[in-house]
Amino acid sequence: MKIRKISAYQTDLPLAEGPYNWSGGNTVSVFDSTLVQVDTDEGVCGYGEVCPLGPAYLPAFAEGARTGIAKIGPSLIGMDPTCLGVLNRRMDEALKGHPYVKSPIDIACWDILGRVAGLPISSLLGGRQADDFVLYRAISQETPARMAELVSTHRAEGYTRFQLKVGADPAEDVERIRAAAAVVGPGDRLIADANTGWLMHDAMRVVRAVRDVDVYIEQPCLSYEECLSVRRHTRHPFVLDESIASVGALLRANGDAAMDVINLKISKLGGLTKASQLRDLCVSLGIAMTVEDTWGGDFTTAAIAHLAHSTPPQFLFTSTDFNSYVTVSTARNPPVRQRGRLAAPAAPGLGLEPRREVLGEPVLVVE
Ligand code: MG
């Protein structure tokens, strides 16, 4: 089997609840998502999506994904899409870095591999570990009262894990954490994600001020060293996200006991091949994970679901259903959450077929 054509579709994904705000005054109202279709000479095709969280979150942006796909696409034509290791090596030879460019191509080839094997990707990644898996809800940075209200709303929908977007003024962030903590129930989990927004002294003030609250602290500062310093001065469970972008970073952080949980985003690593490597390593090392991506619609949600559903539940701290945040559906049969939980599609591959009327014409074709 050979790759015959690689196409990319651009889709705007507006947010249902209005702008999504996080640290540093960053905000997104409409996500720019890229769906990649990989066609083969045997008629089988696969799909993969990448949707950066705007251009200011990671070193990744939507137009860059499409430009990068145009750059590496020609070197992939004629390759066997079911040989994921060979394909990933070729992508890494053709383009240094830029994992988010490679992620949708890698996912589309996993989709093809699953369709050829007649198995869902979750089976290829180790198999479903339970009936379903747990989700979190991201709470946009708003006033403390509004954030508490959003937690209550989503709690009523069945969510039990809430990731508060903090990383702003430390005193107000303390109020945000306290307001949300007041409305969660026993067994719920609260995460304060600063998204690199605090300096060390800000972070130290916040963790000291909420030391009586059962809250996880996620990526307080920009650099790994700053986060490690905060980690060493707090008893809160600690999550690293932006700092964990490679196997090397994970191993160093594990050696330093720098976190209890990592946030594993598929496109941050470069696709399911590398994300599953990290996932398996975390299981071996005893590190729990939030399994997700930077953002996306139905196809990203399905890719996350296959990786999350095949992760042992005790290691899956939480995951996410991004397709429920946006108003546009790009697939006919998307995964839909039930009471704050989700299951991976059971059909072969990713298990989704696109809505052609939503995708329109490709913005890029390499053949
Ligand atoms: Mg995070």
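Indexing begins at 1, ligand by ligand and atom by atom, following the structure's order.
Residues D188 and Y159 have side chains that never bring a donor and an acceptor to within less than 3.5 angstrom of each other. Counted by atom type alone, N21 and K165 present zero donor-acceptor pairs between their side chains at under 3.5 Å.
Among the backbone and side-chain atoms of D241, an N/O/S atom is found under 2.8 Å from the Mg ion (ligand 1).
Closest to the Mg ion (ligand 1) among the N, O or S atoms of D193 is OD2. The atom of E218 that is an N, O or S and sits closest to the Mg ion (ligand 1) is OE2.
Within the 6.0 Å centre-distance limit, the rings of W295 and Y20 are counted as a close aromatic pair.
For the pairing with D321, the salt bridge (Lys or Arg N to Asp or Glu O under 4.0 Å) check across R341, R339, R337 returns one residue only, R337.
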